Each structure stands twice: as structure tokens, then as C-alpha cells.
Amino acid sequence: MKAIQVTEFGGPEKLVYTDVDEVTAGKGEVCVRLHAAGVNPSDTYTLTGTYAFSIPQLPYTPGLDGAGIVEAIGEEVTNVRVGDRVFIASLMNGHSTGAFAQKVVCDATSVHPLPEHVSFEQGAALGVPALTAYRALFQRAYLKPGQTVLIHGASGGVGLQVVQMAKSHGARVIGTASRHEGKKFVQQAGADFVIDHVTEATIEDVLALTEGKGPDVIIEFLANKNLETDLKLIASYGKIVIIGNRGSIEINPRLAMQKECDILATALWNAPKDEYDQSIHGVIGMLTSGALQPIIGTTLPLQQATEGFEQIAKGSANGKLVLKID
């Protein structure tokens with residue numbers, strides 16, 4: 001079968017489209033014929049061989065998320081049947097042969113029913129993005145209906161799902177983006193206000209949207225650049241949840257003291273099993289009801305995975321980037 005294979009750590013050029021051995025489902029495992037796979041920033045980090053959460057054994061096939069049709073099931077698998085439409089939300093500590101391939105074998109616990117009204121591309125956009133969004137909002141920030149949420153960088157695969165989840169929970173949502181296309185996606189996702197990324201010079205403009213109070217929750221995707229601004233913007237007793245960071249920053253802790261706010265962080269790979277299960281149930285509920293509708297930005301054929309990784313690394317992708325698999 002065809003797959004992306006990595007035999008040496010490095011950059012996107014190390015992704016090779018080639019023939020690999022067929023995969024077979026063992027006990028407690030499911031084999032899925034994939035139609036689409038999602039590309040996540042964590043995939044690019046893993047490729048370097050320096051990612052603290054995952055250093056795979058070479059050679060390996062990347063990809064944690066995908067969607068397709070169940071082709072075979074192993075012994076003791078009862079949650080899905082052959083022929084079912086499914087999405088895959090596998091974690092790094094689970095077994096998976098990699099979703100950047102025509103077929104994947106993974107633990108049955110990572111395979112979930114995909115509603116008929118959800119496309120395979122949308123199914124591949126779940127997994128890491130949806131679980132991260134759910135964990136940040138409900139397991140870290142404990143978002144309450146009626147609160148105001150600022151998503152500082154809302155136009156990516158995770159950010160857009162944060163917008164939809166927060167709106168479905170009755171929150172007031174402010175989303176930021178830097179480009180026109182990104183802002184259109186954030187608006188499409190249902191944000192109440194769509195603005196440029198907040199800077200020191202524009203804090204007052206955002207405060208005006210919250211009657212001077214500031215947002216109750218800030219979801220932050222570039223903490224090394226924005227955390228000090230977030231501390232000045234957050235409401236008293238508010239929560240800042242860090243999802244993304246690309247370096248160091250110097251902040252004045254007195255800002256946090258003045259607000260008595262919480263600076264929280266999340267990495268999906270730290271989620272204990274019970275919280276992972278809660279997240280999956282929550283995501284499937286929103287997906288089934290239509291509250292969650294992943295927005296696809298770019299679709300590339302599996303053969304062009306290198307281009308997809310380059311877009312992720314440059315931060316030039318709006319919406320979710322998905323690989324289509326023949």
C-alpha cells in the first residue's frame with residue numbers, strides 16, 4: 001500500500017511517498033481504509049526527532065488523525081463494525097501505524113463513529129484539534145455560559161473549533177486573525193467579533209467590547225509573543241490557557257497578582273484516560289448535533305504531504321489542513 005514514510009529525522013523533505021507493507025488488525029485493533037488524514041503542528045515537531053512528547057522509532061509513518069471506512073477488526077472489538085464510517089483520534093501513547101497512508105491500524109479505543117452528515121475531510125480534522133479545543137475550554141478554563149472568550153489566534157484548525165465549541169456553550173466570542181482569509185473563517189465559525197491580533201496599542205479597543213472588564217477566558221496560541229498583553233487584558237479572576245508557544249518571554253508577575261488570574265497550560269498528551277474519554281464524548285455530541293462543523297482550509301493529495309508540512313511550519317495555513325487519500 002502507499003504511505004508517507006520517514007527514515008531519517010529532519011524537515012519536510014524527509015517525508016517520502018512510497019510503498020510499504022500492508023497492515024493487519026490484531027487483537028483489540030481496527031484497520032481503517034483512509035479517505036483523509038489531518039496534519040497537525042505536532043506532526044511537524046515529531047518529524048524533527050526532538051519533540052519531548054514523541055520520538056518515534058525509525059522508520060515510521062506520521063499522522064494521528066484520519067477518517068475512512070472500517071476494513072477489518074481484531075478480536076474483542078465491539079465498538080465498530082466492518083463498513084462503518086469512522087474518524088480516528090489516536091494519541092501518541094497508543095498504538096497506530098500512522099494515518100498518512102491508504103490504511104491504518106490502531107487501537108479500537110481510538111476509532112469512533114463518523115455521522116453521515118460529516119465528510120471524511122471534516123472527520124480527519126477532528127482528533128488532536130477537537131480534543132485540544134475541548135480540553136482547553138472545559139477541562140482547563142471551566143468555561144461557563146455567558147462568559148466572554150478571546151481566542152488569540154482563532155483562524156487555525158484548533159482555534160476555529162474553539163470558536164464553535166464556545167458558542168455552542170453559550171459564550172460570547174472574540175476571535176483574532178491576521179489575514180483577511182483567516183478572519184472570514186473565524187466569522188464563519190460564529191465569532192461575535194473578529195479583530196486583528198491584540199497588541200499593546202489595541203488593548204483598549206478590546207476592553208471596549210467587554211465594557212471595560214476584559215475577557216473571562218483567553219485561549220492563547222503564541223504565548224511567547226502575547227502573554228504580557230493577555231495579562232493586561234484578562235478580566236479579574238480570569239483564566240489564560242496556553243495552547244501554543246514558540247519561545248521565551250519576560251513578564252511582570254505583578255500583572256497576574258493584580259488580576260488574581262490563572263495562567264494555565266494544556267498539552268493533549270497529558271490528558272488522563274477519564275478526561276480523554278470525556279472529551280471524546282463531548283466532541284461526538286457536538287458533532288452529532290451540528291454544533292461542531294470543522295472548517296477545512298486546504299486540501300492536498302497525500303503525495304504532497306511535504307507541501308502541507310511547509311505550510312504548517314510557516315504558519316500560512318488558515319482553517320484545517322487535510323491530506324486526501326486515494
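What you see is a predicted model; the values in this text were computed from it and never measured.
Side-chain atoms of D326 and L302, non-hydrogen and from C-beta on, never get closer than 4.5 Å to each other. At least one side-chain heavy atom of L126 sits less than 4.5 Å from a side-chain heavy atom of F87. Using a 4.5 Å heavy-atom threshold, the side chains of M165 and L292 count as touching. A 4.5 Å side-chain heavy-atom check between L47 and P62 finds every atom pair outside the cut-off. Put simply, the side chain of K324 does not reach to within 4.5 Å of the side chain of P301, judged on heavy atoms. The closest side-chain heavy-atom distance from V20 to M1 is below 4.5 Å. Using a 4.5 Å heavy-atom threshold, the side chains of K184 and H180 count as touching. Two residues are said to be in side-chain contact when any heavy atoms from C-beta on lie closer than 4.5 Å; E29 and V77 fail this criterion.
The backbone N or O of P12 lies less than 3.5 Å from a partner atom in the side chain of T306, making a donor-acceptor pair. Between the side chain of D84 and the main chain of V86, no donor-acceptor pair closer than 3.5 Å is present. A donor-acceptor contact shorter than 3.5 Å is absent between the side chain of N245 and the backbone of L222. Put simply, the side chain of Q122 gets close to the backbone of S119: a donor and an acceptor are under 3.5 Å apart. Side-chain atoms of R85 do not come within 3.5 Å of backbone N or O of G68 as any donor-acceptor pair. In this structure a side-chain-to-backbone donor-acceptor pair under 3.5 Å is present from S90 to L64.
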Distance-only criterion, 3.5 Å: show the donor-acceptor pairs between side-chain atoms of residues 104-115 and protein atoms not counting sequence neighbours.
residue : atom : partner : partner atom : Å
D107    : OD2  : H95     : N            : 2.9
H112    : NE2  : T109    : O            : 3.4

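In terms of heavy atoms, D43 sits closest to G38 at OD2-O, 3.8 Å. Shortest non-hydrogen contact noted between I312 and P41 is CG2-CA, 3.8 Å. The two residues T202 and H197 have their closest heavy-atom pair at OG1-O, 4.2 Å. For the residue pair A191 and V163, the shortest heavy atom distance occurs at N-CG1, 3.6 Å. Here the closest heavy-atom approach between residue A166 and residue V149 is recorded as CB-CG2, 4.4 Å. Of all heavy-atom pairs between T61 and A3, the closest is OG1-CB, 4.2 Å.
Not counting sequence neighbours, E75 has no partner by the salt bridge (charged side-chain N to carboxylate O under 4.0 Å, His left out) test. Under the rule for a ring-ring contact (aromatic ring centres under 6.0 Å, His included), the partners of Y134 that lie at least two apart in sequence or sit in another chain are F138. The salt bridge (charged side-chain N to carboxylate O under 4.0 Å, His left out) test applied to E275 returns R135, not counting sequence neighbours. Residues satisfying the salt bridge (charged side-chain N to carboxylate O under 4.0 Å, His left out) criterion with D19, sequence neighbours excluded, are K2.
In this structure, NZ on K314 lies 14.5 Å from CZ on F309, to the nearest 0.5 angstrom. Q293 CD to L287 CG: the interatomic distance, rounded to the nearest 0.5 Å, is 9.0 Å. Atoms CH2 and OG, from W269 and S54 in turn, are 8.0 Å apart once rounded to the nearest 0.5 Å. The distance from the OG atom of S178 to the CG atom of D196 is 8.0 Å, given to the nearest 0.5 Å. Separation of atoms CD1 (I280) and CD (Q278) is listed at 12.0 Å; rounding is to 0.5 Å. Note that CD1 of I4 and NZ of K14 are 14.5 Å apart. Values are rounded to the nearest 0.5 Å.
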CA sep, side-chain torsions, deciding dist, call: Y60, V6, side-chain contact (heavy atoms from CB on, under 4.5 Å): CA-CA 5 Å; Y60 81 99; V6 176; 3.6 Å; yes

Evaluation steps, side-chain contact (heavy atoms from CB on, under 4.5 Å), between F100 and V39: CA-CA 9 Å; F100 293 1; V39 183; 4.0 Å; yes

Candidate pair N40 and K320, rule side chain to side chain donor-acceptor pair (under 3.5 Å), full reasoning: CA-CA 9 Å; N40 297 300; K320 179 63 182 178; 2.7 Å; yes

Evaluation steps, side-chain contact (heavy atoms from CB on, under 4.5 Å), between Q147 and R172: CA-CA 6 Å; Q147 288 187 320; R172 190 165 177 255; over 6 Å; no

Stepwise side-chain contact (heavy atoms from CB on, under 4.5 Å) test for F120 and I69: CA-CA 9 Å; F120 289 121; I69 303 290; 3.7 Å; yes

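With hydrogens and angles left out, the side-chain atoms of S279 and Q139 include a donor and acceptor closer than 3.5 Å.
I219 and Y142 fall into different hydrophobic clusters, where Ile, Leu, Val, Met, Phe, Trp and Tyr residues are linked whenever their side-chain heavy atoms come under 4.5 Å apart, directly or through other members. L268 and L321 are members of different hydrophobic clusters when ILVMFWY side chains are connected at heavy-atom separations under 4.5 Å. Placement of I325 and I88 within a single hydrophobic cluster is found when ILVMFWY residues are connected by side-chain heavy-atom separations under 4.5 Å, directly or transitively. Hydrophobic clustering (side-chain heavy atoms under 4.5 Å, transitive across Ile, Leu, Val, Met, Phe, Trp, Tyr) keeps V23 apart from L34. Placement of M286 and I151 within a single hydrophobic cluster is found when ILVMFWY residues are connected by side-chain heavy-atom separations under 4.5 Å, directly or transitively.
Counted within 6.0 Å of CZ on R33, heavy atoms from surrounding residues, nucleotides or ligands total more than 12; the atom is thus considered enclosed. Summarising the local packing, CG of N270 is surrounded by more than 12 heavy atoms from other residues, nucleotides or ligands at distances under 6.0 Å. Counting heavy atoms of neighbouring residues, nucleotides and ligands inside a 6.0 Å radius, atom NZ of K259 exceeds 12 of them. Atom CD of Q187 is surrounded by 12 or fewer heavy atoms from other residues, nucleotides or ligands within 6.0 Å. K167 NZ: more than 12 foreign heavy atoms inside a 6.0 Å radius. Remark: R179 CZ is packed, more than 12 non-hydrogen atoms of other residues, nucleotides or ligands lying under 6.0 Å away.
Clustering of Ile, Leu, Val, Met, Phe, Trp and Tyr by side-chain heavy atoms under 4.5 Å joins I203 with L150, I174, F193, I195, V198, V206, L207, L209, I218, L227, L231, L233, I234, I240, I242, I249, I251, L255, I263.
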